[in-house]
Trainee: 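Have a look at the structure that comes next, please.
The basis for the numbers below is simple: all heavy atoms, side chains too, and nothing from hydrogens, waters or symmetry mates. Start at 1 and go down the list; that is how both ligands and their atoms are numbered.
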Amino acid sequence: MGWSRKDLLHIEDLPAKEIQLILNTAKPMKEIMSRAVKKLPTFRGKSVYNLFFESSTRTRTSFETAAKILGADTSSLAVAQSSLNKGETLLDTVRTLQAMKPDLVVIRHSSSGAAQFLAKELKAGVINAGDGQHEHPTQALLDLYTMQERLGSVEGRKILLVGDILHSRVARSNVWALKNLGAEVVLVGPPTLLPTEIKSWGVKTTFNLDEELPGSDVIMALRLQLERQQSGLLPSLREYSQLYGITAERVKKTGKQTLIMHPGPVNRGVEIESSIANSSQSVIEEQVTNGVAVRMAIMYLLLGGGTAHVVD
Ligand code: CP
């Protein structure tokens, strides 16, 4: 199966077949990452621009690493030093970039829909690296890859997403992807951090974490997005941690070798106990490694790499 898409903007409308194509393509990419020389000539002469209007450690470095392994040239717009600060609009910035003929543009922006807007304006392919509270598709894909690698299929598996669902683009993208692949998704969080439209997501929601723990195959703790919160949503971090923090005691209650996941960055001692984040059940660092492989796969497919074999 080939891939005819120009952009990767969201997971909500991505068919299961295409999700699986990306995950299957990521497998040989991960193997390339463990080679002594991690550099392919595949996309020599191609250029990838990173536009990060919000902070990022994992996603930005991961895209840059992935592009470099594939042999592409990368440029990062230093937003703080760009002409956006001189009054230039995002549209004019985009047109300026277009004039430099990039092949792919990766964007993170605080506004939902920013990636879609860019994709309409640019001839280059656009990858959404997180837009506001809307979606973070590549995060969900690397999460899925990690679950499949550890559990085989996610079909029928019980996956808990715990915490700040309201502000989480990671939660939204994971819900669409996991539902699509047949997982049983349960969203757990305090009432103030569950969106009002959550019923329309079509998955179980609850305020009671302890009741949902037995039989869980995955617990994914979400970051408390304090920078997006108005005051008053939480009585205190201490109370949040008592009710929703992932502790050794809670992990035991699952009765399984449950996978512990977190998209990062982690607020240790709030969302997750440090000993659990560092435990053998935690795959938080594997998620980061797999992120490079999955982003290599996405770029490879968008830039027209064949799917039958990966060039070595
Ligand atoms: N998971 C994630 O998006 O992390 P960064 O904000 O560090 O990119």
Trainee: Minimum heavy-atom separation for Trp3 to Leu8, with atom names?
Mentor: CH2-CD1, 4.3 Å

Trainee: For atom NZ of Lys252, is the number of surrounding heavy atoms from other residues, nucleotides or ligands below 6.0 Å larger than 12?
Mentor: no

Trainee: Nearest protein heavy-atom contact for atom 4 (O) of ligand 1: which residue, which atom, what distance?
Mentor: Arg58 NE, 3.1 Å

Trainee: Starting from atom 6 (O) of ligand 1, what is the nearest protein heavy atom, named by residue and atom, and what distance separates them?
Mentor: Arg108 NH1, 2.9 Å

Trainee: Does any donor atom in the side chain of His109 or Glu54 lie under 3.5 Å from an acceptor atom in the other side chain?
Mentor: no

Trainee: Short list, please: which atoms of ligand 1 are under 4.0 Å from a heavy atom of Thr57?
Mentor: 5 (P), 7 (O), 8 (O)

Trainee: What class does the angle between the rings of His10 and His134 fall in, given that below 30° is parallel, 30 to 60° is tilted and above 60° is perpendicular?
Mentor: perpendicular

Trainee: Considering distance alone, does some N or O of Arg60 sit under 3.5 Å from an N or O of ligand 1?
Mentor: no

Trainee: Which pair of non-hydrogen atoms, one from Pro265 and one from Arg58, has the smallest distance, and what is that distance?
Mentor: CB-NH2, 3.1 Å

Trainee: Heavy-atom contact check, 4.0 Å cutoff: does His136 meet ligand 1?
Mentor: yes

Trainee: Could you identify the single nearest non-hydrogen protein atom to atom 1 (N) of ligand 1 and state the distance to 0.1 Å?
Mentor: Pro263 O, 2.9 Å

Trainee: Counting from 1, what ligand 1 atoms have a heavy atom of Thr59 closer than 4.0 Å?
Mentor: 2 (C), 3 (O), 4 (O), 5 (P), 8 (O)

Trainee: Would Pro265 count as a polar contact of ligand 1, with the cut-off being nitrogen or oxygen pairs under 3.5 Å?
Mentor: no

Trainee: Using heavy atoms and a 4.0 Å limit, tell me yes or no: is Gly264 in contact with ligand 1?
Mentor: yes

Trainee: Quick one: do the Gln116 and Glu135 side chains pair a donor with an acceptor below 3.5 Å?
Mentor: no

Trainee: Distance-only, no hydrogens or angles: does the Arg108 side chain make a donor-acceptor pair with backbone N or O of Asn128 under 3.5 Å?
Mentor: no

